[in-house]
Amino acid sequence: MAARQPFTDTDTADEAVRATCDDATTCKRFASSKGYWKDPYIQYFVRSVGERKAPEINRGYYARVRGVNNLLDAFVRRTECNCQIINLGAGLDTTFWRLKEENLMPKKYFEVDFPTVVARKIHNIKTKQPLSKPLIETHSTDSLLLDGQSLDSDRYCIIGVDLRDIVTLDEKLKRFQLNPEIPTLLLSECVLVYMSPGQSSRLLHWAAETFHTAMFINYEQANMVDRFGQVMIENLRRRQCNLAGVEACRSLDSQKERFLQSGWEHADALDMMTVYGLLPQDDVARVESLEFLDEKELLQQLLQHYCLCWASKDKLRLEPSEMSSSATESKTEIFNVADGAVDAGEAAAAPGPRNKTPGVFERYLQPCLAELLGTTLFVFVGCASVIGNPGANGVVQPALAHGLALGVLIAVLAEISGGHFNPAVSLSVYLCGGMELPLLAPYVVVQMLGGMMGAGLAKIMTPADRYFNATGAAFDILKTEQQLPGAIFGEMAMTCLITMVVLLVAVNSKTKTPLAPFLVGCTVIINVLAGGDVSGTCLNPARAFGPAVMTNYWTYHWVYWVGPIGGCLVAAALLRLILGDEKLRVVLK
């Protein structure tokens with residue numbers, strides 16, 4: 001980013017803030033490689049896709065890219081391309097090349113950033129033919145104006161300058177044919193927040209005073225006064241990134257107010273959760289099908305702590321609703337732009353229902369109903385497999401039935417409830433930040449109810465003699481106290497394994513994978529095969545509770561609570577202390 005605290009090039013803090021350019025570009029490269037949006041040019045700035053990024057990060061960048069692009073494209077269309085764009089702190093952004101490809105080129109596109117970032121970008125443009133060719137095609141002479149800190153053509157210009165130095169910024173832009181008389185769009189993404197309030201205010205004042213008709217799009221943090229926001233600030237501070245301008249990020253109102261106080265006529269702002277809900281529903285559904293996402297609450301929190309704020313002034317008397325977008329209809333029209341005609345360079349409106357912030361039903365009632373259904377079906381299949389296959393072959397069939405049933409149910413219900421179906425799993429997920437506290441007790445209640453319903457369905461389905469011979473699939477393998485130490489240890493160890501797998505593949509950002517249902521199901525099969533003759537391999541208090549209620553068999557039933565709960569606590573501790581990523585670990589960050 002071009003906006004820096006006044007450190008020298010060798011300062012650790014300056015390097016950390018500068019590194020945010022690479023972080024953002026790497027995240028965009030990964031998300032585009034997964035199909036969240038098309039960007040054929042970003043590969044020329046980042047050599048490899050890099051390590052896997054969490055689904056909530058990818059969806060956050062999707063909302064950011066789509067939201068910014070829709071606002072920017074709307075401005076260009078409404079001015080019929082008779083405008084100029086200034087990307088402040090542009091980093092390795094590829095918007096110029098996208099606009100060229102989609103026939104939405106403004107009269108001139110300017111990029112401004114820190115000189116070292118600009119030097120890197122110029123080197124990439126010079127050495128990568130797919131980047132340089134569009135510049136040459138839109139240039140009227142044989143050579144481009146080029147030096148170590150700037151590159152200028154008829155339609156594209158990149159300048160190395162510190163955004164705090166308004167005099168030099170103004171001088172360099174005008175030297176490269178900036179025209180204050182035509183409509184101008186200024187864009188900044190996570191730039192102003194690294195400047196002090198005074199520095200960013202002077203930049204906004206300069207923009208408002210310089211251009212007669214202009215729009216300023218700003219993407220950055222918002223609602224930073226709560227606990228989640230403070231954790232974000234602290235995490236960045238550990239990386240030596242000081243959010244010097246975070247005072248303006250207290251709320252959406254504070255974001256709008258700083259523009260209005262700096263000479264802009266209109267200002268509006270939306271948090272990114274709202275923007276995400278205004279995007280075309282069919283494209284959002286496509287994106288949500290790309291990767292399994294367990295931490296929906298984390299995604300919602302992330303999106304609520306970033307915003308798009310746009311301000312405008314209109315001396316040419318363009319239509320006020322189009323410039324200010326203050327009406328609800330205008331916001332919907334701008335953000336609800338389909339992506340189906342990218343190749344033709346045209347975007348079409350996508351009428352129909354919008355995605356909204358989840359209500360009480362989707363946040364609380366629906367997940368509990370999904371857990372009830374999933375637990376019922378899991379226990380039903382598990383009990384039926386045990387009742388229908390007693391004797392010497394009683395381990396193999398239950399192992400396959402339990403594991404396959406759980407894998408299938410997780411695959412189809414995880415997007416609704418997380419696919420726990422087990423009080424031990426719910427407890428461990430909560431302890432590792434994967435679910436809200438208000439859901440924990442209801443989950444346990446419906447899981448126990450589901451265990452009883454599943455055991456009841458198995459009793460209805462199976463012949464009475466088989467049901468009696470198998471003790472209704474209750475865990476009756478423990479007959480003497482001598483068996484207890486091995487059984488308790490086995491239940492703890494194997495529950496630790498299954499819950500650790502769940503936490504690693506579905507909660508821990510660094511190791512999340514779409515293969516979660518398959519891996520969890522396989523782990524259950526392995527556990528039952530390994531420990532079925534020791535304790536019966538319950539691993540799930542709900543699975544033990546349902547048959548016990550149906551048959552009134554309670555001998556050593558407590559083992560199937562103590563073992564699984566103890567195992568899940570060990571697994572949660574392993575993630576929190578050793579195996580979790582930086583966000584999850586509580587030590588050695």
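Computed from heavy atoms alone, side chains included, the values below leave out hydrogens, waters and symmetry copies. These figures come from a predicted structure and were not determined experimentally.
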Hey, are the side chains of V275 and N70 touching, using non-hydrogen atoms and a 4.5 Å cut-off? no

Return each pair, listed once, that meets side-chain hydrogen bond (donor to acceptor under 3.5 Å, both in side chains) where at least one residue sits in residues 215-226; pairs must be two or more places apart or across chains. S188-N218, N218-E220, E220-Q255, E220-R258, D226-H305

How far does CG of L88 sit from CD1 of I217, to the nearest 0.5 angstrom? 11.5 Å

I85 and P106 have their tightest heavy-atom pair at CD1-CG, 3.9 Å

Contact summary for C27 and I57, nearest pair of heavy atoms: SG-CG2, 4.2 Å

Could you measure the distance from the OG atom of S200 to the OH atom of Y194? Nearest 0.5 Å is fine. 14.0 Å

If you apply the rule side-chain hydrogen bond (donor to acceptor under 3.5 Å, both in side chains), what do you find for N82 with T79, and how did you get there? CA-CA 5 Å; N82 184 32; T79 61; over 6 Å; no

Would you say the side-chain atoms of Q177 pair up with the backbone N or O of R175, donor to acceptor, closer than 3.5 Å? yes

Quick one: does any side-chain atom of T210 pair with a main-chain N or O of A207 as donor and acceptor, under 3.5 Å? no

Donor-acceptor side-chain pairing of Y41 and N124 below 3.5 angstrom: no

Can you name the nearest heavy-atom pair linking R29 to V46, along with the distance? NH1-O, 2.6 Å

Donor-acceptor check, side chain of S201 to backbone of G198, threshold 3.5 angstrom: yes or no? no

Is there a donor-acceptor contact under 3.5 Å from the side chain of R576 to the main chain of L584? yes

Lys/Arg N to Asp/Glu carboxylate O, K108 vs D152, below 4.0 Å: yes

Are the side chain of K313 and the backbone N or O of F211 linked by a donor-acceptor pair below 3.5 Å? yes

Check the pair W97, Y156 against ring-ring contact (aromatic ring centres under 6.0 Å, His included), reporting the backbone distance first and the verdict last. CA-CA 10 Å; W97 290 270; Y156 174 81; 5.5 Å; yes

Sequence neighbours excluded - salt bridge (charged side-chain N to carboxylate O under 4.0 Å, His left out) pairs with any residue from residues 46-57: R52-E291, E56-K512, E56-K583

Reported CG-to-OG1 distance for the pair L163 and T168, which is rounded to 0.5 angstrom: 11.0 Å

Show the nearest heavy-atom pair for residues Y62 and V284, with the distance to one decimal. OH-N, 3.8 Å

Could you go through D253 and S251, starting from their C-alpha distance and side-chain angles, then the distance that decides it, and tell me whether this counts as side-chain hydrogen bond (donor to acceptor under 3.5 Å, both in side chains)? CA-CA 5 Å; D253 287 338; S251 65; 5.0 Å; no

Parallel, tilted or perpendicular for W264 and F259, by the 30°/60° rule? perpendicular

Please check if any side-chain donor atom of D23 sits under 3.5 Å from a side-chain acceptor atom of T26, or the reverse. no

Partner residues of E234 under the side-chain contact (heavy atoms from CB on, under 4.5 Å) criterion, sequence neighbours left out: R237, R238

Taking R286 for the side chain and Y36 for the main chain, is one N or O donor matched with an acceptor at less than 3.5 Å? yes

Which heavy atom of A248 sits nearest a heavy atom of S254, and at what distance? O-OG, 2.9 Å

Less than 4.5 Å apart, any side-chain heavy atom of V68 and any of L308? yes

Hey, does the side chain of Q230 reach the backbone of M224 with a donor-acceptor pair shorter than 3.5 angstrom? yes

Verify, without hydrogens or angle tests, whether R155 (side chain) and L135 (backbone) share a donor-acceptor contact under 3.5 angstrom. no

Do the non-hydrogen side-chain atoms of F96 and M105 ever get within less than 4.5 Å of each other? yes

Quick check on E80: does its CD atom have over 12 non-hydrogen neighbours (other residues, nucleotides or ligands) under 6.0 Å away? no

Report the C-alpha separation of I166 and L203 in whole Å, then their side-chain angles, then the decisive distance to 0.1 Å, and conclude whether the side chain to side chain contact (heavy atoms under 4.5 Å, CB included) test is met. CA-CA 7 Å; I166 301 298; L203 180 63; 3.8 Å; yes

When rounded to the nearest 0.5 angstrom, what distance separates CG in L243 from OG in S196? 13.0 Å

Within-4.5 Å side-chain heavy-atom neighbours: L99 and L72: yes

Distance-only, no hydrogens or angles: does the H212 side chain make a donor-acceptor pair with backbone N or O of E181 under 3.5 Å? no

Flag side-chain contact, heavy atom, 4.5 Å: E171 against V161: no

I'd like to know if the side chain of T184 reaches the main chain of I182, judged simply by a donor and an acceptor atom lying under 3.5 Å from each other, with no hydrogens or angles considered. yes

Before you tell me yes or no, could you show the steps for L204 and L192 under side chain to side chain contact (heavy atoms under 4.5 Å, CB included), namely the whole-Å CA-CA distance, both residues' side-chain angles and the distance that decides it to 0.1 Å? CA-CA 10 Å; L204 298 180; L192 302 182; 4.2 Å; yes

A side-chain contact here means heavy atoms from C-beta on lying under 4.5 Å apart; do K28 and T94 qualify? no

More than 12 foreign heavy atoms under 6.0 Å from NZ of K133: is that the case here? no

If I compare all heavy atoms of G60 with all of L299, which pair ends up nearest, and what's the gap? N-CD1, 4.3 Å

Please report the C-alpha distance between R77 and L104 in whole Å, then the side-chain angles of each, then the deciding distance to 0.1 Å, and finally whether the side chain to side chain contact (heavy atoms under 4.5 Å, CB included) criterion is met. CA-CA 7 Å; R77 286 192 176 91; L104 285 175; 3.7 Å; yes

Any side-chain heavy-atom pair from E288 and R59 closer than 4.5 angstrom? yes

Look up atom CD1 in I416 and atom CD in E362, then write down how far apart they are to the nearest 0.5 Å. 9.5 Å

CG on D154 to CD1 on I136, rounded to 0.5 Å: 12.0 Å

With heavy-atom distances below 4.5 Å as the criterion, would you say the side chains of F30 and I42 are in contact? no

Salt bridge K121-D113, side-chain N to carboxylate O under 4.0 Å: no

Would you check, one step at a time, whether the test side chain to side chain contact (heavy atoms under 4.5 Å, CB included) holds for L504 with L519? CA-CA 10 Å; L504 287 172; L519 296 175; over 6 Å; no

